[in-house]
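Notes to accompany the following structure.
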Amino acid sequence: AAQTAATPRAATAPPDAMGSARRMRSDPMEALLQYPKLLTAISVAYFAFLGMAARIGIALLLQGLNFGITTTEPVTLPGIHTTCHGWRSNGEGYFVQNILGCILMAAIARHKKSMNEFLAVGLASGLCGSLTTWATWMGEESKTFLNGYPFMAMISVISMTAVSFCSYRIGHYFAGCGMGDEPACFD
């Protein structure tokens with residue numbers, strides 16, 4: 001008796017309501033498009049996770065390599081009762097990641113018109129923002145400055161900024177396949 005009672009109600013439901021219920025179940029992307037801020041947040045979070053994984057992977061691959069980028073940190077030497085400042089290379093922590101992030105950011109910016117809005121924001125803010133490690137870099141510069149090497153910290157800031165701008169220009173050039181201002185190879 002319960003089944004026969006349910007059948008007439010389903011048949012008497014307005015066709016418009018049934019059609020929209022079927023569409024919601026068949027296309028979840030359409031439901032997400034009604035909330036663009038949520039979709040943007042999901043895109044940024046997803047690509048930020050990928051950027052963090054890439055950053056950590058690169059750091060592990062380059063661990064122990066000396067790029068000539070140094071920082072100072074307090075080091076206790078055996079037999080000496082004072083703390084002196086030692087040198088340590090830390091380029092594997094941010095240098096290569098910042099260069100790759102700037103190159104990718106330029107490529108994304110150059111082809112932003114041909115990308116889905118959520119993809120472009122996710123790649124630019126999520127992936128590149130997480131891949132580049134500006135906070136790590138500035139933390140290392142602060143340590144260098146506070147350990148009594150302000151000139152070295154200033155030269156490092158100027159150098160890394162110049163390398164980042166050059167990386168962006170290189171990425172912009174490669175993304176356009178060497179063409180003029182408008183890319184002609186992927187769009």
Side-chain angles (χ1 to χ4, degrees), residues 40-80 82-112 114-116 118-179 183 185-186:
T40 300
I42 290 170
S43 175
V44 169
Y46 175 75
F47 285 109
F49 178 76
L50 294 178
M52 178 198 62
R55 177 172 44 96
I56 292 170
I58 291 168
L60 289 174
L61 285 174
L62 301 177
Q63 191 172 19
L65 295 180
N66 187 348
F67 291 99
I69 301 168
T70 57
T71 188
T72 58
E73 62 181 17
V75 176
T76 305
L77 299 174
I80 299 176
T82 62
T83 302
C84 60
H85 298 285
W87 298 93
R88 153 181 89 80
S89 175
N90 67 342
E92 76 272 358
Y94 62 85
F95 185 73
V96 173
Q97 291 91 329
N98 286 352
I99 290 172
L100 288 175
C102 289
I103 290 171
L104 285 173
M105 182 67 78
I108 293 164
R110 188 132 193 195
H111 296 287
K112 193 173 187 177
S114 63
M115 288 185 192
N116 177 318
F118 305 112
L119 177 64
V121 171
L123 287 172
S125 298
L127 181 74
C128 293
S130 186
L131 177 62
T132 57
T133 55
W134 300 105
T136 302
W137 170 48
M138 292 314 297
E140 295 297 328
E141 297 310 320
S142 297
K143 280 192 233 175
T144 303
F145 183 82
L146 293 174
N147 284 329
Y149 298 96
F151 182 73
M152 187 175 137
M154 182 56 73
I155 294 299
S156 181
V157 166
I158 292 168
S159 299
M160 190 65 211
T161 303
V163 166
S164 298
F165 280 131
C166 289
S167 299
Y168 186 88
R169 291 300 299 165
I170 288 169
H172 193 263
Y173 179 80
F174 286 151
C177 299
M179 304 294 171
C185 54
F186 296 118

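Starting from 1, each residue takes its place in the sequence as its number. Keep in mind it's a predicted model, so treat the numbers as computed, not measured.
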Shortest non-hydrogen separation from A120 to K112 and the atoms involved: CB-CG, 3.9 Å
SG-CG distance between C128 and N98, expressed to the nearest 0.5 angstrom: 11.0 Å
Gap separating the OG1 atom of T132 from the CG atom of L104, nearest 0.5 angstrom: 10.0 Å
Flag side-chain contact, heavy atom, 4.5 Å: F47 against V121: no
Whether over 12 other heavy atoms sit under 6.0 Å from M154 CE: no
Heavy-atom closest pair, residues A48 and S130: O-OG, 2.9 Å
From M105 atom CE to S125 atom OG, the distance as rounded to the nearest 0.5 Å: 6.5 Å
Donor-acceptor under 3.5 Å (S142 side chain, M138 main chain): yes
Shortest non-hydrogen contact from Q97 toward L131: CB-O, 3.3 Å
S43 side chain vs F118 backbone, donor-acceptor pair below 3.5 Å: yes
Gap separating the CG atom of L123 from the OH atom of Y46, nearest 0.5 angstrom: 10.0 Å
Separation of L127 CG from M52 CE (nearest 0.5 Å): 12.0 Å
Minimum heavy-atom distance between Y168 and A106, given as atom pair plus value: O-CB, 3.1 Å
Atom of I108, atom of M115 and distance for their closest heavy-atom approach: CA-CE, 4.1 Å
Nearest atoms (heavy-atom pairs only) where H111 meets A175: NE2-O, 2.7 Å
Check against side chain to side chain contact (heavy atoms under 4.5 Å, CB included), I58 and F95: CA-CA 10 Å; I58 291 168; F95 185 73; over 6 Å; no
Contact check, side chains of W137 and T161, non-hydrogen atoms, under 4.5 Å: yes
Straight-line distance of S167 OG to I99 CD1, nearest 0.5 Å: 4.5 Å
